[in-house]
Amino acid sequence: MEPFLISPHQTIPMQRIIIHLDFDSFYASVEENRKPEIRGKPVVICVFSGRTVDSGAVATANYKARELGVKAGMPIMFARRKASEETVFLPYDIEYYREVTDRIMAMLEDECDVLEQASIDEAYMDVSEKSRGSWEAAEAIAARIKQMIREQENLTCSIGIGPNKLMAKMAGKARKPDGLTVVREKDVAEFMEKLPVEKIHGIGTKTVETLHSMKIMTAKELAQCNPLVLEQKFGGNKPQLLMDKAKGVDESPVEPRQAQQISKMKTLKEDSNDPEKIASEMAEMAGYVRKKVEKKNVTFRTVSIILIDTQLGMQTRSETIGQTDDVTNALATAKNLLQKYLNENRGKKIRRLGIRVSNLEYEKKQRSLDDFLQR
DNA sequence: CGACGTGTAAC
DNA sequence: CCTTTTACACGTCG
C-alpha cells in the first residue's frame with residue numbers, strides 16, 4: 001500500500017485505518033480451554049525459575065485472579081499471598097500457546113492488507129484498503145474477527161481501531177476484556193487530552209519520572225509544552241518522539257516482522273562463578289537456540305552472552321563472526337566470551353545467564369538433498 | 001560507519 | 001525478593 005496518494009498538484013497523506021488486536025489474558029484463557037475443570041476459578045500462569053519452589057514471576061493472571069490483586073510481572077511468592085484457596089497456579093507452556101497463536105494469525109492474514117504480529121498475543125492490521133477507508137467497514141471487520149476467534153478458538157480479544165498503530169493500541173486498552181473501541185482521526189485529540197502521561201504507550205517508568213519532575217503530568221501538557229524544555233532533559237530524537245506520542249501521532253507503517261535475534265536465558269539454581277558449571281548451562285541453552293535457528297532457517301553473524309549478577313546488574317559481551325548457521329561455533333564463541341568475562345570479573349557471581357545470536361539473515365535457501373542429487 | 005555495551009520499554 | 005524474550009535508541013570507540 002502506498003503511504004500517499006499522489007495527485008498532479010499535491011501530496012495528500014492518505015488516511016490509514018489500523019486495527020490492534022490483543023487477546024484477553026491469553027495464556028490463562030488458553031489453559032482454561034485445555035483444562036475445563038479450572039474454568040470459573042482464578043488462574044495464574046507462572047514462569048517458575050526453579051531456584052526455589054515458588055521463585056519466578058507471574059506471566060498472566062485471568063480476571064478472577066486480578067480481582068484478588070494478582071498481576072503480571074509480580075513474583076509468584078507475592079501472588080501466593082494474595083491468592084485464595086481455589087486459585088490455580090500453572091506453569092506456562094509457551095510451545096502450546098504458540099500453536100494456538102499461529103493458527104489465529106494465519107486466519108487474520110486473510111482479514112487485512114498487512115499483518116504485523118507484535119508479540120505472541122498481539123497484532124496490528126492495516127485495513128485501509130480492505131475497509132475502503134470507511135471506519136464503519138473497519139468496525140465490521142473487527143467484529144467479524146472477534147466472532148471468528150470466539151467460534152474457532154473460544155477466546156476473546158480486545159480490539160482498538162485508529163488512524164495509526166499508536167492510537168489503535170491505546171484505543172484497545174480503553175475497553176477490556178472483549179472490547180471494541182474506535183478512535184477516529186477527528187477524535188484523537190479529545191481521546192489523548194484526558195490521559196496522564198503514564199498511560200501513553202511507549203512512555204515507561206524512567207520517562208514518566210523525568211516528566212513528572214518537570215511538572216508535566218498529562219498528555220495535553222506534554223503535547224503543548226515547549227520542545228526546548230524537553231531538550232534540557234532528553235537527548236536525540238526523544239523530545240520529538242514524546243510530543244508526537246502525546247498528540248497521538250505515529251507514522252510507523254504496519255509491516256510484517258521477522259525476528260532480529262534469537263536468545264535463551266536461564267536462572268541458575270544457585271549463584272555461581274564456576275566456569276565449568278556456567279559453560280555447561282551455556283551448552284544446554286545453545287541446544288535450544290540451535291533448534292530455533294534450524295526452524296527459522298536463518299544464519300547469524302553475532303553471538304552474545306548475557307550475564308545477570310547477584311545484584312541483578314546486567315552485562316553483555318558479544319562478538320561478530322562470519323555469517324553462519326553453525327550453533328556449535330556460536331557456543332565456542334560464547335564460551336570464549338564467558339572465559340574473558342570471568343577473568344575480568346574475578347569473584348563476581350552469576351545469577352542468570354543467556355546466549356543470543358543476532359544479525360540474522362533469512363536469505364539462506366538451502367538446497368535440499370533431492371536438489372543436490374539431481375545434479 | 002560497524003561493532004559493542006548500556007538503557008528503556010513492552011510482553 | 002526479582003522471568004523471559006525481543007526491539008530499538010544511543011553513546012562510544014576505532
Side-chain angles (χ1 to χ4, degrees), chain A residues 20 22-28 44-61 71-81 91-95 97-98 101 116-124 165-166 169-170 172-173 198-211 234-242 245 252 255 257-268 271 285 288-289 292 296 301-321 333 337 340-341 344 351-360:
Chain A
H20 178 264
D22 192 2
F23 298 115
D24 300 320
S25 37
F26 181 58
Y27 301 161
V44 183
I45 309 300
C46 306
V47 182
F48 292 101
S49 71
R51 169 162 277 234
T52 66
V53 182
D54 269 345
S55 66
V58 171
T60 310
K71 292 209 178 78
M74 178 181 277
I76 296 167
M77 216 83 100
F78 283 21
R80 288 267 187 214
R81 255 172 261 155
Y92 89 143
D93 181 354
I94 190 80
E95 299 203 352
Y97 310 146
R98 183 143 328 260
T101 305
E116 174 177 336
Q117 185 174 350
S119 77
I120 189 160
D121 72 341
E122 258 184 281
Y124 292 96
K165 292 206 287 187
L166 175 67
K169 169 94 186 174
M170 305 245 301
K173 278 195 205 170
E198 59 268 31
K199 288 285 177 65
I200 302 173
H201 179 69
I203 298 189
T205 50
K206 301 288 181 178
T207 308
V208 166
E209 213 174 296
T210 308
L211 289 173
F234 301 98
N237 209 12
K238 193 127 185 190
Q240 180 66 54
L241 222 67
L242 289 174
K245 278 185 189 297
S252 66
E255 52 192 358
R257 283 195 203 185
Q258 280 187 317
Q260 309 289 304
Q261 55 181 235
I262 297 168
S263 66
K264 179 69 183 166
M265 304 268 318
K266 180 168 199 175
T267 301
L268 295 175
D271 298 343
M285 290 188 290
Y288 169 91
V289 171
K292 274 221 171 184
K296 290 176 184 281
R301 218 150 61 83
T302 303
V303 180
S304 313
I305 60 171
I306 302 132
L307 301 153
I308 288 110
D309 61 38
T310 0
Q311 323 300 317
L312 297 180
M314 178 165 55
Q315 285 187 294
T316 62
R317 292 288 181 273
S318 61
E319 190 177 330
T320 298
I321 57 181
T333 306
L337 291 168
K340 239 192 293 176
Y341 174 90
E344 289 164 14
R351 179 188 175 93
R352 290 163 50 207
L353 75 159
I355 180 171
R356 172 172 66 207
V357 297
S358 55
N359 252 317
L360 303 185

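A, B, ... follow the sequence lines: proteins, then strands. Residue 1 opens every chain. Every value quoted in this text rests on a predicted model; they were computed, and no experiment measured them.
When the nucleotides C/dT4, B/dC11, C/dT3 are ranked by their closest atom to the side chain of A/Y92, C/dT4 comes out on top.
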Start with the C-alpha distance between A/T316 and A/I305, add both sets of side-chain angles, then the distance that settles side chain to side chain contact (heavy atoms under 4.5 Å, CB included), and finish with yes or no. CA-CA 6 Å; A/T316 62; A/I305 60 171; over 6 Å; no

Applying salt bridge (charged side-chain N to carboxylate O under 4.0 Å, His left out) to A/R351 and A/D309, what does each step give before you reach the verdict? CA-CA 5 Å; A/R351 179 188 175 93; A/D309 61 38; over 6 Å; no

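In this structure, A/T207 reaches the sugar-phosphate backbone alone: every heavy-atom distance under 4.0 Å involves primed, P, OP1 or OP2 atoms, never a base. Residue A/I120 is out of contact with every strand shown, counting any heavy-atom pair closer than 4.0 Å. A/S304 comes within contact range of no nucleotide atom at all, as no heavy-atom separation falls under 4.0 Å.
Salt bridge present: A/R51 and A/D271 bring a charged side-chain N and a carboxylate O closer than 4.0 Å.
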B/S/- along nucleotides 2-7 of chain B (protein heavy atoms under 4.0 Å) is -SSSB-

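Checking side-chain atoms of A/Q117 against main-chain N and O of A/S119 turns up a donor-acceptor pair under 3.5 Å.
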So which protein N/O to nucleotides 7-12 of chain C N/O distances come out below 3.5 Å?
from	atom 1	to	atom 2	distance (Å)
C/dA7	OP1	A/Q260	N	3.1
C/dA7	OP2	A/Q260	N	3.1
C/dA7	OP2	A/Q261	N	3.2
C/dC10	OP1	A/N237	N	3.0

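In this structure, CG of A/D271 is placed 11 Å from P of C/dC2, rounded to the nearest angstrom. Between the CZ atom of A/R98 and the P atom of C/dT6 there is a distance of 8 Å, given to the nearest Å. Taking atom OH of residue A/Y27 and atom P of nucleotide C/dT3, one finds them 16 Å apart after rounding to whole Å. Residue A/K71 contributes atom NZ, which lies 16 Å from atom P of B/dA10 at whole-angstrom precision. For the pair A/I306 CD1 and C/dT3 P, the interatomic distance rounds to 15 Å; values are reported in whole Å. Distance A/L312 CG to C/dT3 P: 7 Å, rounded to the nearest Å. The interatomic distance linking A/I308 (CD1) with C/dT4 (C1') rounds to 10 Å, in whole Å. We find that CZ of A/R351 is positioned 14 Å from C1' of C/dT4, with the value rounded to whole Å.
Nearest-nucleotide assignment on DNA chain C puts the 5′-proximal partner with A/P75, out of A/P75 and A/M265.
A/H201 is listed as a side-chain neighbour of A/K173, based on a closest heavy-atom distance under 4.5 Å. A/R317 has its side chain within reach of A/E344: a pair of non-hydrogen atoms, C-beta onward, lies under 4.5 Å apart.
Within the structure, every side-chain polar atom (N or O) of A/S119 is placed at least 4.0 Å from both OP1 and OP2 of B/dA10.
Using a 3.5 Å distance cut-off with no hydrogens or angles, the side chains of A/K266 and A/S49 do not pair a donor with an acceptor. Side-chain N/O atoms of A/T320 and A/T302 include a donor and acceptor closer than 3.5 Å.
At most 12 heavy atoms of other shown residues, nucleotides or ligands fall within 6.0 angstrom of atom NZ in A/K199.
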